[in-house]
There are 2 protein chains.
Amino acid sequence: MLSNGGCPKTMLSIKDALEAVEGRWKLLILFSLSERTKRFKEISRDLNGITDKTLSKELKNLEENKLISREVFSTFPPKVEYTITEHGMSLEKVLDELHFWGLLHRQ
Amino acid sequence: MLSNGGCPKTMLSIKDALEAVEGRWKLLILFSLSERTKRFKEISRDLNGITDKTLSKELKNLEENKLISREVFSTFPPKVEYTITEHGMSLEKVLDELHFWGLLHRQ
DNA sequence: GAAAGTGCTATCCAAAAGGAAAGTAATATC
DNA sequence: GATATTACTTTCCTTTTGGATAGCACTTTC
């Protein structure tokens with residue numbers, strides 16, 4: 001049984017969480033960054049299929065929500081590193097559960 | 001540390017899971033149904049803000065993915081009951097984690 | 001001196017999502 | 001006989017999403 005099934009307050013919490021994480025890329029980006037700090041192109045390669053434009057937008061959004069941080073190095077070619085924050089890491093269990101469920105669901 | 005951070009296979013599992021659950025309504029519908037079997041209008045009231053059209057489409061999609069089941073009673077006014085399946089219930093932990101994280105995230 | 005590499009941004013366009021509002025069918029209620 | 005109820009579907013229209021492509025800035029490599 002789900003805890004608090006249908007409870008309006010719990011519903012709001014879930015709604016909040018979903019907003020910070022919605023779309024098919026954000027959680028995957030966080031998952032990629034959970035391995036280690038990465039650069040733009042590395043993430044792009046990990047995700048396989050995302051366009052530069054979309055990745056750029058998603059990263060901005062994640063940064064605004066403090067789920068990742070961004071560090072710019074003034075070199076050429078440009079170098080920008082993205083790191084998952086503690087707050088981002090706190091989504092660990094959501095990702096884990098999603099992973100397990102994804103394995104199950106395929107069958 | 002997230003389990004298997006960045007691992008491509010895990011990434012695919014998560015991608016699969018996300019597809020079955022994407023959009024801002026599906027998880028909330030499942031959460032509502034986790035309380036008990038409900039009729040169309042009951043779910044609609046629980047979700048607060050969803051239109052009939054969207055709810056109808058989401059329910060169809062959830063049924064196709066075997067996350068809920070649908071029972072029609074040939075009465076008037078029409079009565080249709082939706083029940084979460086075991087497979088749907090297996091998302092319990094995802095919802096729970098999302099709930100806890102949602103509470104945390106608001107601050 | 002052409003090409004490759006990096007992290008974007010901008011433009012254009014197609015597809016999808018989603019809201020608002022009305023319609024339907026049969027019964028029961030006032 | 002008008003009205004309400006239920007679970008949709010349909011139409012119309014706006015917003016959002018996202019793909020494809022090109023460009024830029026500067027250095028290094030061939």
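Chain A is the first sequence line, chain B the second, and so forth, proteins listed ahead of strands; every chain is numbered from 1.
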Closest listed nucleotide, where the reference is the side chain of [X] and the choices are [options]:
{"X": "A/K41", "options": "C/dT6, D/dT5, D/dT9", "answer": "C/dT6"}
{"X": "B/K57", "options": "C/dA17, C/dT9, C/dT6", "answer": "C/dA17"}
{"X": "A/V80", "options": "C/dG7, C/dA25, D/dC8", "answer": "C/dG7"}
{"X": "B/S56", "options": "C/dG7, C/dA25, D/dC8", "answer": "D/dC8"}

Can you tell me if the side-chain N/O atoms of [X] get under 4.0 Å from OP1 or OP2 in [N]?
{"X": "A/T54", "N": "D/dG18", "value": "no"}
{"X": "B/Y82", "N": "D/dT6", "value": "no"}
{"X": "B/R39", "N": "D/dT6", "value": "no"}
{"X": "A/T75", "N": "D/dC26", "value": "no"}
{"X": "B/R24", "N": "C/dG18", "value": "yes"}

Quick check: closest heavy atoms across [X] and [Y], and the distance to 0.1 Å?
{"X": "A/L28", "Y": "A/L47", "result": "O-CD1, 4.0 Å"}
{"X": "A/D46", "Y": "A/S32", "result": "OD2-OG, 2.7 Å"}
{"X": "B/L103", "Y": "A/S13", "result": "CD2-OG, 3.1 Å"}

Of B/F40 and A/G49, whose nearest nucleotide on DNA chain D comes first from the 5' end? B/F40
Nearest heavy atom decides the nucleotide; on that basis, is B/P78 or B/K60 closer to the 5' end of DNA chain D?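 The residue closer to the strand's 5' end, by nearest nucleotide, is B/P78.
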For B/K53, answer base if it contacts any base atom (sugar-phosphate contacts may also be present), sugar-phosphate if it contacts only those atoms, and nothing otherwise; contact means non-hydrogen atoms under 4.0 Å.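 The residue B/K53 makes base contact.
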How about A/L62 and A/K26: do any of their side-chain heavy atoms sit closer than 4.5 Å?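 Heavy-atom side-chain distance check passes, below 4.5 Å.
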